[in-house]
Number of protein chains: 2
Amino acid sequence: MKDQEIITEEQKKIARFAKAMGHPVRVYVLEILSKQSCCYSGDLSEILPIAKSTLSQHLKELKSAGLIQGETEPPKIRYCLNQQNWDLAKKNFENLFGE
Amino acid sequence: MKDQEIITEEQKKIARFAKAMGHPVRVYVLEILSKQSCCYSGDLSEILPIAKSTLSQHLKELKSAGLIQGETEPPKIRYCLNQQNWDLAKKNFENLFGE
DNA sequence: ACCTTTGTTCGCAAATTAACGAACAAACAT
DNA sequence: ATGTTTGTTCGTTAATTTGCGAACAAAGGT
C-alpha cells in the first residue's frame with residue numbers, strides 16, 4: 001500500500017473549492033454568476049475597485065479550481081459557472097455541514 | 001457615504017470561512033468534529049502526519065475564523081465546533097449555492 | 001495600415017501561509 | 001524538586017497569494 005491516505009480525496013476537493021472561495025472578490029463573482037446565468041468580465045471590472053489584471057487573476061483562480069468557465073466571445077469573454085463542478089461543490093459542502 | 005460597499009459583509013464572511021476551510025487538514029478536523037461532538041488535539045496529532053506545532057497552527061486558524069472552540073481540560077484540550085458560527089457558515093454557504 | 005476594445009501575461013513588491021524543530025509553559029504526579 | 005504529558009509560541013525557511021502597472025495579444029472597426 002503506497003499511501004495511508006488519512007485525508008480523503010473528497011476532503012482535498014473541498015479544501016480546493018474552499019480555497020478558491022477564500023477571497024471576497026471571488027465570492028462576489030460566484031454570487032453574481034449563481035444569480036444570473038452569466039456575465040462579462042468587463043462588467044465586473046467596472047464595478048469592482050480593483051485593477052483589470054487583478055480581476056483577471058481572480059477569474060483565473062476560479063477557473064483553475066473548476067468553479068467557472070469562460071467562453072470567448074470576441075472581443076469579450078463571457079463567464080459562467082461550471083455547473084457540474086458547482087453542483088459537486090455544493091454537494092460536498094452539504095455533506096460536510098450535514099443536511 | 002463612507003463606503004460604496006460593493007462587497008457585502010456576508011460575502012466577506014463567506015470568504016473568511018472558506019479561507020479557513022481551504023486546507024485539507026482543516027477540512028479533516030472539521031469533518032471529525034461535525035461527526036462526533038468533540039475531540040482532543042492529541043488524537044488528531046496521532047493520526048495526522050504533521051508536526052504538533054503545525055497542527056496547533058491549523059487549530060488556531062480554525063479557532064480564529066470562529067469555526068471551532070477549545071475548552072482546556074488539563075492536561076488536554078477538547079476541541080468542539082463553535083456551533084453558532086458553524087450554523088452561520090452553513091447558512092451562508094446554502095445561500096450562495098442556492099437551496 | 002492604424003486604432004480601439006478587451007483581457008491576459010509579465011515583472012515586481014509586500015504580505016501571508018505552511019511547515020518544521022526547539023524552546024517554553026501549565027498542570028499534575030512522584 | 002523533578003519529571004511527564006500536552007500544547008503553544010518562537011524563529012526560520014520556502015512557497016504562495018495579492019495587488020499593481022506596463023507591456024502584450026487578439027479581434028474588429030475606420
Side-chain angles (χ1 to χ4, degrees), chain A residues 3-4 6-7 11-30 32-33 38-80 82, chain B residues 3-4 6-7 11-30 32-33 38-80 82:
Chain A
D3 244 347
Q4 300 182 229
I6 289 92
I7 291 177
Q11 283 160 352
K12 288 181 194 168
K13 207 156 265 179
I14 291 178
R16 184 73 185 83
F17 287 139
K19 194 176 174 187
M21 298 195 294
H23 189 290
V25 165
R26 297 197 291 262
V27 171
Y28 176 86
V29 171
L30 290 173
I32 293 280
L33 292 182
C38 291
C39 78
Y40 292 100
S41 156
D43 304 339
L44 298 171
S45 190
E46 275 175 17
I47 297 170
L48 291 167
I50 58 175
K52 276 188 310 169
S53 56
T54 305
L55 175 60
S56 182
Q57 298 212 69
H58 283 305
L59 293 173
K60 188 179 175 185
E61 173 67 30
L62 286 173
K63 199 155 53 171
S64 84
L67 290 173
I68 67 172
Q69 59 197 148
E71 289 173 36
T72 165
E73 190 174 288
K76 300 185 175 184
I77 295 180
R78 174 158 65 196
Y79 282 100
C80 312
N82 179 325
Chain B
D3 246 345
Q4 298 184 230
I6 289 93
I7 291 178
Q11 284 161 350
K12 287 181 195 169
K13 207 155 267 182
I14 291 177
R16 184 74 184 84
F17 287 140
K19 193 174 174 188
M21 297 196 293
H23 189 290
V25 164
R26 296 196 293 262
V27 172
Y28 176 87
V29 172
L30 290 173
I32 293 280
L33 291 183
C38 291
C39 78
Y40 292 100
S41 157
D43 303 340
L44 298 170
S45 190
E46 275 175 18
I47 297 171
L48 291 167
I50 59 176
K52 278 187 310 172
S53 55
T54 305
L55 175 60
S56 182
Q57 297 212 68
H58 283 306
L59 293 172
K60 187 179 175 184
E61 172 66 31
L62 286 172
K63 199 156 54 172
S64 84
L67 290 173
I68 67 171
Q69 58 197 150
E71 290 172 36
T72 166
E73 190 174 286
K76 299 184 175 186
I77 294 179
R78 174 157 64 197
Y79 282 101
C80 312
N82 179 324

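Atom set for the values below is all heavy atoms of this structure, side chains included, hydrogens, waters and symmetry mates excluded. Here is the naming used below: chain letters follow the sequence lines, and residue numbers restart at 1 for every chain.
With hydrogens and angles left out, the side-chain atoms of A/Glu71 and A/Tyr79 include no donor and acceptor closer than 3.5 Å.
Side-chain atoms of A/His23 lie closest to D/dG19 of the nucleotides C/dG21, D/dG19, D/dT8. Residue A/Ser56 places its side chain closer to C/dT8 than to any other of D/dG7, C/dT8, D/dT8.
In this structure, A/Arg26 places its CZ atom 9 Å from P of D/dT17, rounding to the nearest Å. Rounding to whole angstrom units, OH of residue A/Tyr40 and C1' of C/dT5 are separated by 14 Å. Rounded to an integer number of Å, the gap from CD of B/Glu73 to P of C/dA27 is 14 Å. A/Lys76 has its NZ atom 14 Å from the P atom of D/dG28, to the nearest Å. Atom CD1 of B/Ile77 is separated from atom C1' of C/dA26 by 10 Å (rounded to the nearest Å). For the pair A/Leu55 CG and D/dC20 P, the interatomic distance rounds to 10 Å; values are reported in whole Å. Note: CD (B/Glu61) to P (C/dA18) measures 7 Å, nearest angstrom. Taking atom CG of residue B/Leu59 and atom C1' of nucleotide C/dT17, one finds them 16 Å apart after rounding to whole Å.
Look at B/Lys52 and you won't find any side-chain N or O under 4.0 angstrom from OP1 or OP2 of C/dC20. In this structure, B/Thr54 reaches the C/dC20 phosphate: one of its side-chain N or O atoms is under 4.0 Å from OP1 or OP2. Considering only side-chain N and O atoms, B/His58 lies nowhere under 4.0 angstrom from the phosphate OP1 or OP2 of C/dT17.
A/Gln57 comes within 4.0 angstrom of a nucleotide base, judged by non-hydrogen atoms across all strands. Within the nucleic acid shown, B/Arg78 has no heavy atom closer than 4.0 Å to any nucleic acid atom.
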_Residue pair A/Phe17, B/Met21: steps toward the side-chain contact (heavy atoms from CB on, under 4.5 Å) verdict_ = CA-CA 9 Å; A/Phe17 287 139; B/Met21 297 196 293; over 6 Å; no

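Inter-residue side-chain proximity for A/Cys39 and A/Leu33 is flagged as met; some heavy-atom pair is nearer than 4.5 Å. Residues B/Val29 and B/His58 have side chains not in contact (no heavy-atom distance under 4.5 Å, counting atoms from C-beta outward).
Comparing A/Lys19 and A/Pro75 against DNA chain D, the residue whose closest nucleotide sits nearer the 5' end is A/Lys19. The 5' end of DNA chain C is approached more closely, in terms of each residue's nearest nucleotide, by A/Asp43 than by the other of B/Pro49 and A/Asp43.
The base of C/dG21 sits within donor-acceptor range of the side chain of B/Ser53, with an N or O pair under 3.5 Å.
A donor-acceptor distance shorter than 3.5 angstrom exists from the side chain of B/Arg26 to the backbone of B/Ala20, with no hydrogens or angles considered.
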